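Reading through the structure tokens given below for one structure.
Bear in mind that the values here come from a model prediction, so they are computed numbers and not experimental data. Keep in mind that the numbers below use all heavy atoms, side chains included, and drop hydrogens, waters and symmetry copies.
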Amino acid sequence: MRKHVPLTVLAVIAASLTVPAAASAADRSDTVTPLPAGDHRDIVVDDARERIFLASADPAAVVIAGFDGGIITTVTGLTSPVDLELAPGGTAVYALDGGTLARIDTTSFAVDHVTLPASHCADSLAVTGGKVWYSYHQCDAPGEGSIASFEPGTGKVTESGLTTRPGRLLARADRPDRLVRLDEAGADVFDVSGAAAQKKVSNAEPGCGDATLLRRGDLVLTACGGDTSRFQVWATSDLLSRGSTYLGEETAVAASADGRFAAFGFARYPGEFAVHVRDLGADLSGAYVRRFELPTDAAVTPGSLAFTGDGRLIIVPTASDGTRSLRVYADPFTPDAGLTATGPRRVLPGTPITITGKVTPAPGRPALLSLSRTRNDLTEFLPGVSTDADGNYSFTDDPQGFTGRLLYEVTAYNADGFGEVKRSVPVVAQVRAFDFNADGFPETVTGAPGEDTGSSKDTGQITVFPGGANGPDLTAGKIFDQDTPGVSGSNETGDRFGTALASGDFNGDGYADLAVGSPTEDNDSFTDSGAIIVLYGSSSGLSTESNMFASGARTGYHLGQSLVALDLDGDGMDELAAGAPGWDSGAVLVYERRHASRLLDTWAFLDQEYMTGVNHTGEGFGWSLATGDIDGDGLADLAIGAPQDTDDKGWSTGSVSVLYGSRSGVNSLGAQRITKETPGVPGSAGPRNAATGDGADEFGLKLAMGDFNGDGRDDLAAAAPGTHVKNAAGTDQPDAGSVTVLYSDGAKLGTTGATEITQLSGPVFGAPADNDFFGDTLAAGDANGDGTDELAMFSYGDDRLWVTPGSTAGLLLATTTAWNQDTPGIPGSAESGDKWGSSLRFLAGTKPALLVGAPGEDAQQGAFTVVFGGPSGLTGTGAIYVGEDTPGVPGTAENGDRFGTF
């Protein structure tokens with residue numbers, strides 16, 4: 001492992017020392033090993049062999065130590081080694097050594113040299129893509145630089161053809177698209193993954209004294225001492241800042257292997273130095289964890305910090321008299337004092353927010369904690385709160401109707417000189433979806449995309465029922481279509497207005513708004529281009545004030561096939577994401593700009609190439625969308641299904657891409673691409689046989705996000721309705737279907753605990769059969785108020801719905817319940833073709849419910865059922881059946897209306 005800095009090395013110890021066995025990973029203790037004077041230049045860690053390599057230019061040597069701090073040997077025969085890097089495969093450590101590239105074998109410690117071109121005065125090394133890259137300046141022209149590579153297998157040095165300033169390089173071995181060069185004046189990012197290297201982006205901002213890479217190379221963390229005195233985080237995708245935090249006189253930085261923790265060397269005041277370990281967290285705030293005191297005047301220079309892969313911290317400080325030591329700390333992440341802070345993840349605007357926690361060890365007497373609240377990037381200090389003698393504390397804050405992201409920080413100061421311990425709690429104050437008049441009761445909205453208007457067929461409409469304490473008021477429903485005065489557009493044959501619905505506060509006025517998809521709307525000469533109509537909420541409910549988005553019209557675009565509202569940037573106003581799966585490979589448009597209290601028809605364009613670098617025609621990217629907060633940072637994340645993705649097998653196995661929220665809005669930083677072939681994902685992409693009617697898996701055809709284990713972070717359910725499943729007798733059942741559940745690992749979707757649900761997952765599911773298409777519809781929501789979400793799954797071939805409850809252990813498949821119109825309490829009766837459950841939405845509120853659409857009911861006239869929740873979960877008791885021929889419901893039931901579409 002490399003700590004990614006312009007490195008420096010260490011002092012010479014007798015080369016005749018014997019070589020002991022490497023320290024066992026289990027043999028851990030803090031050690032301090034004296035080292036002789038020298039000009040320290042760099043550290044590199046060989047985790048596989050548990051060795052630490054330390055370079056020194058004067059005297060010229062590389063000292064090799066074990067993880068226990070003991071010196072193994074000293075390598076001499078060098079001129080002036082600087083900037084150590086572990087070779088591809090870990091077989092050697094490379095160093096720049098005069099005009100050569102020195103290679104130290106990690107087993108025998110033998111040294112050989114590769115002579116670099118005479119005109120190359122090399123500055124820095126980095127290893128990625130199986131090559132050793134070095135930046136250099138022309139020896140006779142110091143201001144002119146470039147980058148070259150060395151291939152260990154062939155011994156060949158190759159010019160990249162890139163022109164850049166001299167500077168140091170940062171890279172990860174597995175990210176050749178993120179080779180970073182930076183100096184005091186700015187930075188460049190290069191993509192060296194292909195045959196020809198190319199510059200991706202440049203920026204004149206990120207200079208600073210020391211740097212390292214985080215999160216698979218997606219972030220640069222810089223330590224900016226001196227006048228700047230803060231650490232900053234930059235995205236390698238665009239070299240724009242993702243945040244900065246004041247620390248004070250940072251001199252060096254290193255990051256742990258998982259990117260969560262960072263160590264900073266800094267001067268607290270002239271002449272006295274220390275090293276802090278900080279928890280970067282999902283929001284990169286850098287909460288203090290622990291401080292390591294160093295001897296007076298012991299400086300930590302760039303290249304003097306590193307972490308081992310198993311979590312030890314290495315510090316090589318240099319005293320004012322030139323002596324130094326190798327310090328290995330076995331457990332640097334254990335805080336000096338423990339502090340917890342928990343609060344609600346989301347609240348309604350105007351709701352008081354209570355934060356609770358504990359300081360450990362217990363102070364034995366009341367202790368004062370410092371509090372702050374950040375909103376709209378403005379930090380306000382709140383009155384402090386005292387713990388009790390056992391360390392417990394609680395405080396309540398009223399943000400007075402604020403909407404958006406709030407960040408509370410609790411800081412404890414240890415009287416014994418350990419410094420501060422800080423914890424952050426992000427809370428989002430967000431309008432309840434579909435609550436158009438903000439009375440606390442969400443409205444029920446259903447589409448009827450097959451509704452005819454006059455002689456025009458399938459123009460579509462929506463019906464809105466006011467919410468109340470007992471559910472929807474069926475006697476006060478209102479119909480909206482494109483001929484309703486004030487609603488944008490006009491009714492035209494084939495528009496299918498109402499195919500998709502999404503609700504959020506798009507203009508920040510505290511009332512939920514409604515987006516309606518019309519995916520086969522024609523625009524000018526472009527047929528089936530699609531459109532979205534946004535209607536705005538008000539104190540009197542949903543108004544006809546609206547605007548239409550028909551962005552980038554083109555034939556077969558199908559804009560509005562899927563919709564979701566989400567607050568990506570935490571400003572309290574929702575963005576609108578709209579799928580256009582008919583375009584080329586498919587696309588998603590994210591509307592995030594506003595003017596005069598409404599969304600503008602300008603957008604950020606997402607496709608597979610933007611998200612993850614993979615793009616082929618006909619993938620259906622954007623066919624399905626889901627949103628939640630996977631990493632718990634208070635910013636919404638977006639999952640996008642591409643059910644026709646062919647990249648894994650050459651046929652439509654499908655994929656899901658995840659875009660993570662950012663304070664800067666839409667960017668692909670840290671985006672994930674997940675398929676059934678992703679390591680750790682259960683199951684695999686199955687075969688298909690179009691000649692026999694066997695379809696593709698279509699992983700990602702339907703998506704749902706919810707917190708299935710109550711950890712405060714959302715998880716993902718992704719359906720693959722075309723999955724092959726073997727029945728109990730072992731007979732293959734094509735298109736039986738499956739649902740894959742992936743849980744948050746705290747920073748992204750992980751694979752620990754991942755589950756593939758099929759109709760073999762428990763007796764209540766029945767048995768898998770051909771063309772069941774289990775998972776054809778999904779929805780997630782909390783119907784019993786226990787803080788964990790239920791997962792509802794529909795099987796097209798069975799015409800049946802299953803609901804699995806969440807728990808602190810995850811989804812409880814053994815307590816799954818099966819539902820159809822023959823379930824006790826459910827109105828009506830199960831009939832072939834009703835497709836009761838092919839449209840689903842959980843409705844939050846004082847009386848939670850699951851809306852179950854049956855758009856196939858009665859020759860596709862359509863209907864829906866309101867199934868209420870309670871402390872014991874969903875119950876058929878009191879369920880309400882709603883069709884266009886239900887007394888009091890406006891409109892007329894006609895064949896093909898597909899009323900009950902959500």
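Contact record, Ala438 with Tyr511: CB-CD2, 3.7 Å, taken as the closest heavy-atom pair. Scanning both residues, Thr463 and Gln461, for their nearest heavy atoms gives OG1-NE2, 4.1 Å. In terms of heavy atoms, Gly775 sits closest to Ala719 at O-CB, 2.9 Å. Among all heavy-atom pairs drawn from Thr544 and Phe480, the shortest one is CG2-CE2, 3.8 Å. The two residues Arg554 and Phe526 come nearest to each other via the heavy atoms CA-CD2, 3.4 Å. Shown here for Ser657 and Met611, the closest heavy-atom pair between the two residues is CB-CE, 3.8 Å.
Interatomic distance, Met705 CE to Leu778 CG, rounded to the nearest 0.5 Å: 12.5 Å. Between the CG atom in Asp772 and the OG1 atom in Thr723 there is a gap of 12.0 Å [rounded to 0.5 Å]. Taken from CZ in Phe436 to CG in Leu535, the straight-line distance is 8.5 Å, to the nearest 0.5 Å. Arg800 contributes atom CZ, which lies 13.5 Å from atom CE of Met793 (distance to the nearest 0.5 angstrom). Ile826 contributes atom CD1, which lies 8.0 Å from atom OG1 of Thr875 (distance to the nearest 0.5 angstrom). Here the CH2-CG distance, from Trp603 to Asp601, works out to 6.0 Å after rounding to the nearest 0.5 Å.
Residue Pro643 forms a side-chain contact (heavy atoms from CB on, under 4.5 Å) with just one option from Leu701, Thr653, Val656, and that option is Leu701.
Put simply, the side chain of Asp513 gets close to the backbone of Gly537: a donor and an acceptor are under 3.5 Å apart. Looking only at distances, a side-chain donor or acceptor of Ser546 sits under 3.5 Å from a matching main-chain atom of Ser488. Listed for the Asn491 side chain is a donor-acceptor partner under 3.5 Å among the backbone atoms of Gln482. A side-chain donor-acceptor contact under 3.5 Å links Asp473 to the backbone of Thr475. Judged by distance alone, with hydrogens and angles left aside, the side-chain atoms of Glu521 form no donor-acceptor pair with the main-chain N or O of Ala531 at under 3.5 Å. A side-chain donor-acceptor contact under 3.5 Å links Asp822 to the backbone of Ala830. In terms of modelled atom types and a separation under 3.5 Å, the side chain of Thr627 and the main chain of Asp637 share a donor-acceptor contact. Although no hydrogens or angles enter the test, the distance criterion places no donor-acceptor pair under 3.5 Å between the side chain of Thr499 and the main chain of Pro449. Although no hydrogens or angles enter the test, the distance criterion places a donor-acceptor pair under 3.5 Å between the side chain of Ser562 and the main chain of Gly622. Not a single donor-acceptor pair under 3.5 Å links the side chain of Thr877 to the backbone N or O of Gly825.
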>> Apply side-chain contact (heavy atoms from CB on, under 4.5 Å) to residues Phe434 and Thr444 and explain how you reach the verdict.
In response: CA-CA 7 Å; Phe434 297 99; Thr444 295; over 6 Å; no
>> Would Asp799 and Gln821 count as a side-chain hydrogen bond (donor to acceptor under 3.5 Å, both in side chains) here? Give the steps.
In response: CA-CA 10 Å; Asp799 239 342; Gln821 284 183 285; over 6 Å; no
> Can Asp647 and Arg673 be said to form a salt bridge (charged side-chain N to carboxylate O under 4.0 Å, His left out), step by step?
Replying inline: CA-CA 11 Å; Asp647 291 337; Arg673 178 179 177 271; 3.8 Å; yes
>> Walk me through whether His558 and Thr520 qualify under side-chain contact (heavy atoms from CB on, under 4.5 Å).
In response: CA-CA 6 Å; His558 292 292; Thr520 45; 3.6 Å; yes
> Which is it for Phe842 and Glu790 under the side-chain contact (heavy atoms from CB on, under 4.5 Å) test, yes or no, and what are the steps along the way?
Replying inline: CA-CA 9 Å; Phe842 278 91; Glu790 284 75 66; 4.2 Å; yes
> Going through the checks in order, is the side-chain contact (heavy atoms from CB on, under 4.5 Å) test met by Phe864 and Phe899?
Replying inline: CA-CA 8 Å; Phe864 69 89; Phe899 182 83; 3.8 Å; yes
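Checked against salt bridge (Lys or Arg N to Asp or Glu O under 4.0 Å), Lys478 has no partners two or more places apart in sequence or in another chain. Residues passing the side chain to side chain donor-acceptor pair (under 3.5 Å) test with Ser624, sequence neighbours excluded: none. Qualifying side chain to side chain donor-acceptor pair (under 3.5 Å) partners for Thr602, counting only residues two or more places apart in sequence or in other chains: none. For the salt bridge (Lys or Arg N to Asp or Glu O under 4.0 Å) test, no residue two or more places apart in sequence or in another chain qualifies with Asp776.
Residues Leu589 and Phe605 meet the side-chain proximity criterion, which asks for heavy atoms closer than 4.5 Å. Looking at heavy atoms from C-beta onward, Gln430 lies in side-chain contact with Asp574 at the 4.5 angstrom threshold. Within the 4.5 Å cutoff, side-chain heavy atoms of Leu801 are placed close to those of Leu850. The shortest distance between side-chain heavy atoms of Asp782 and Pro848 does not fall below 4.5 Å. Leu501 places a side-chain heavy atom less than 4.5 Å from the side chain of Val516. Counting heavy atoms from C-beta outward, Ser738 and Ile757 have side chains that stay 4.5 Å or more apart. Side-chain atoms of Glu451 and Glu884, non-hydrogen and from C-beta on, do get closer than 4.5 Å to each other. Under the 4.5 Å side-chain criterion, counting only non-hydrogen atoms from C-beta, Ser652 is in contact with Thr646.
A donor and an acceptor atom, one from each side chain of Gln608 and Asp645, are located under 3.5 Å apart. Side-chain contact annotation: Thr817 with Trp819, donor-acceptor N/O pair under 3.5 Å present. Side-chain contact check for Tyr536 and Asn547: at least one donor-acceptor pair (N or O, by modelled atom type) lies under 3.5 Å.
Identified under the side-chain hydrogen bond (donor to acceptor under 3.5 Å, both in side chains) test for residues 886-896, with sequence neighbours left out: Gln861-Asn895. For residues 828-845, the set of pairs meeting the side-chain hydrogen bond (donor to acceptor under 3.5 Å, both in side chains) definition, not counting sequence neighbours, comprises Trp836-Thr865.
Using cut-offs of 30° and 60° for the angle between ring planes, the Phe549 and Tyr591 rings count as parallel.
More than 12 heavy-atom neighbours from other residues, nucleotides or ligands sit within 6.0 angstrom of CH2 on Trp802.
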